[in-house]
Amino acid sequence: MCSIMGYCGSGAAYGAFWRGFEKTLSRGPDESRVVDTGNGLLGFHRLAIMGLTPAGMQPFVLDGSYAVCNGEIYGFEALKARLSDKYTFTSGSDCEVLLPMYREYGTDMFAMLDAEFACILYDGRTGTYIAARDPIGIRPLYYGYDENGTIVFASEPKNLVGLCPRIKPFPPGHYYKDGKFICYCDIANVSSVCSDDIDTVCQNIHDKLIAGVEKRLVADAKVGFLLSGGLDSSLVCAIAAKKSSRPIRTFAIGMREDAIDLKYARQAAEYIGSDHTEVIITEDDVLSGLEQVIAALGTYDITTIRAGMGMYHVCKAVHERTDIRVLLTGEISDELFGYKYTDFAPSAEAFQKESEKRVRELHMYDVLRADRCISVHSLEARVPFGDLDFVRYVMAVDPQMKMNIYGKGKYLLRRAFEKDDLLPPELLWREKAAFSDAVGHSMVDDLKAYAETRYTEEEFEQKRRQYAHAQPFTKESLLYREIFETFYPGQSEMIAGFWMPNREWEGCNVDDPSARVLANYGASGV
């Protein structure tokens, strides 16, 4: 997954920089390097995925300019070929192309990339720093200003705790230059609605998702797959299995008592012929690991922590039991095609507006969860549903067509793969269960019950009112917030607030983010 950090000015204290940077060694355990650019520091922890030789180690250097990047640049071979007349490439790393691209195209380069990335460049000619992040924010990047007013960038907020009084997420789809953040791509914004008919829409969804999976199978390190048994991860795994010459390796997790998805994941694995591993966790695993999970996630959000619990433990098992380095996941489908609560959207316009909001906030919720749970165990996340071409197309599809007017959520996605037989019909058309619930209803119940034992009603009211931003509204949310504050004191505004259904919609004014509390949950829980 790799970790990057940059102190963008003179007068850097190397010791303080390294103490912050070493907090994310798990992101890049293979090799570490910090260089003095002559006007600041750039650091890189490497997790070797593409170009496994020492030549792929960063920072890359070109005539006094430097670059560090945590990312995967798809189609980099063609970019290198285009630039090879003027530049010599010495590694198999995809990120080596960044400095030559910057020399040729300047900041226009960022809109040219088909990538999930976060990078920091130092332009040795001008003595200035440039930083950028992919349009969805799949790769993390944060920033703050130290006591001298110097901007500092880092992969995770934990790198900046103690260095910067206020830590902020770097906005996705932006680059930083000369003190300004400039948007180069607002991927949630639709300039014109797609007028394709439903058959064409489904065919395009089919073809673009397959392309998104295929390009993410390319790695010099070993690749595995998270398989929950739900539609999204099952489709990713089924496509990959069909494209692979040998059985893929899949991993599922569930509570010992009442895991919902383990049986469906097992069924999917048997159907696609994967080498499947089940990871079983207990109430003790959940409660004893709570502080570790919140420290890794860097959030107090209820949904993110609940869902992060299962993902954290399954990734821990992958790291400890295998030599896999890359994991493909099923995130981002919900934001595009709808949640259970978006069945209550009062209009197509409201559905689209909610989708835009969710896509713009992904980097604070589902994408954050996937990144932290995977990277803390020295693995890399790849997200096929976040393929830029796929996201642009689905966001542009007529929202009336994406709404649940069919009596089945995510109808377009299901119909798109109906003829392929990639999955058995009972899985392709199975009702969605939220990941945190599907790991086992008892997991959420255990967390809520534990929180109840921590505070009396009087203590709860007194303590929750200490927080002006994202004020806790249940004992569970207060518990998470207090743990969060021990690791990230005063940094709650890194997250917009609690992920919740749109309370303004009829049927969605609920006090828990789980789809279990919605009237339409129905067969999702079986």
Between [Y] and [X], is the closest basic N to carboxylate O distance under 4.0 Å?
X      : Y      : answer
Glu335 : Lys357 : no
Lys158 : Glu22  : no
Asp366 : Arg358 : no
Lys316 : Glu320 : yes
Glu156 : Lys23  : no
Asp123 : Arg125 : yes
Arg306 : Asp301 : no
Asp220 : Arg325 : no
Asp232 : Lys410 : yes
Asp275 : Arg249 : yes

Going from [atom1] on [X] to [atom2] on [Y], what distance comes out if it is rounded to the nearest 0.5 angstrom?
X      : Y      : atom1 : atom2 : result
Tyr7   : Thr150 : OH    : OG1   : 3.5 Å
Ile248 : Ser274 : CD1   : OG    : 5.5 Å
Ile294 : Arg372 : CD1   : CZ    : 14.0 Å
Asn204 : Cys202 : CG    : SG    : 9.5 Å
Ile324 : Phe225 : CD1   : CZ    : 8.5 Å
Glu96  : Met101 : CD    : CE    : 13.5 Å

Could you please spell out the steps behind the ring-ring contact (aromatic ring centres under 6.0 Å, His included) verdict for Phe390 and Phe385? CA-CA 7 Å; Phe390 182 81; Phe385 280 99; 5.8 Å; yes
Problem - Pi-cation contact, Tyr74 with Arg216 (under 6.0 Å, within 45°) - result: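 Yes, Arg216 and Tyr74 form such a contact.
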Both conditions, 6.0 Å and 45 degrees, for the charged tip of Lys208 above the ring of Tyr393: are they met here?
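Yes, Lys208 lies over the aromatic ring of Tyr393.
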Quick check against the 3.5 Å criterion: does [X] have a side-chain atom that pairs as donor or acceptor with the backbone of [Y]?
X      : Y      : result
Arg133 : Pro169 : no
Asp146 : Cys164 : no
Arg46  : Glu31  : no

Answer yes or no: is there a side-chain heavy-atom contact under 4.5 Å between Pro501 and Glu354?
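A side-chain contact is absent here, since even the closest heavy-atom pair is not under 4.5 Å.
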For residues Tyr341 and Met500, determine if any side-chain heavy atom of one lies less than 4.5 Å from a side-chain heavy atom of the other. no
- Message: Pair Lys215, Asp389 - check salt bridge (Lys or Arg N to Asp or Glu O under 4.0 Å), show working.
- Response: CA-CA 12 Å; Lys215 69 176 70 169; Asp389 183 49; over 6 Å; no
Between [X] and [Y], a side-chain donor and acceptor under 3.5 Å:
X      : Y      : result
Gln203 : Asp207 : yes
Thr128 : Tyr122 : no
Ser32  : His45  : yes
Gln352 : Lys402 : yes
Ser378 : Ser26  : no

Result for salt bridge (Lys or Arg N to Asp or Glu O under 4.0 Å) between Asp371 and one of Arg139, Arg382, Arg27 points to Arg27
Can you name the nearest heavy-atom pair linking [X] to [Y], along with the distance?
X      : Y      : value
Phe17  : Gly6   : CE1-C, 4.0 Å
Asn159 : Met5   : O-CE, 3.8 Å
Glu116 : Ala381 : OE2-O, 3.7 Å
Ser234 : Gly229 : OG-C, 3.5 Å
Ala238 : Leu423 : CB-CD2, 4.0 Å
Ser3   : Ser155 : CA-OG, 3.5 Å

### Message
Parallel, tilted or perpendicular, judged at 30° and 60°: which one describes the rings of Phe498 and Tyr300?
### Response
perpendicular
Can you tell which of Val34, Leu41, Ile4 makes a side-chain contact (heavy atoms from CB on, under 4.5 Å) with Phe21?
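It is Val34, the one option of Val34, Leu41, Ile4 that forms the side-chain contact (heavy atoms from CB on, under 4.5 Å) with Phe21.
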Between Arg369 and the options Ile305, Thr329, Thr304, the side-chain contact (heavy atoms from CB on, under 4.5 Å) test singles out Thr304
Verdict with supporting geometry, Phe181 and Tyr143, ring-ring contact (aromatic ring centres under 6.0 Å, His included):
CA-CA 11 Å; Phe181 291 87; Tyr143 73 98; 4.7 Å; yes
Note to self: Is it the case that the ring center of Tyr176 lies less than 6.0 angstrom away from the ring center of Tyr129?
What the structure shows: no
### Query
Could you walk me through whether Lys80 and Asp94 pass the salt bridge (Lys or Arg N to Asp or Glu O under 4.0 Å) check?
CA-CA 9 Å; Lys80 282 187 174 181; Asp94 50 323; over 6 Å; no
Go through the structure and list residues passing side-chain contact (heavy atoms from CB on, under 4.5 Å) with Ala496, not counting sequence neighbours.
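In terms of side-chain contact (heavy atoms from CB on, under 4.5 Å), with neighbours along the sequence ignored, Ala496 is linked to Glu361, Met364, Tyr365.
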* To do: Start with the C-alpha gap between His174 and Tyr184, add the side-chain angles, then the distance that decides, and say whether ring-ring contact (aromatic ring centres under 6.0 Å, His included) holds.
  => CA-CA 5 Å; His174 286 66; Tyr184 70 87; 7.6 Å; no
Residues passing the ring-ring contact (aromatic ring centres under 6.0 Å, His included) test with Tyr66, sequence neighbours excluded, are none
Is Arg246 atom CZ crowded by more than 12 heavy atoms from other residues, nucleotides or ligands, each under 6.0 Å away? no
Worksheet item: Counting only heavy atoms not in Glu104, do more than 12 sit closer than 6.0 Å to its CD atom?
Response: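 Yes.
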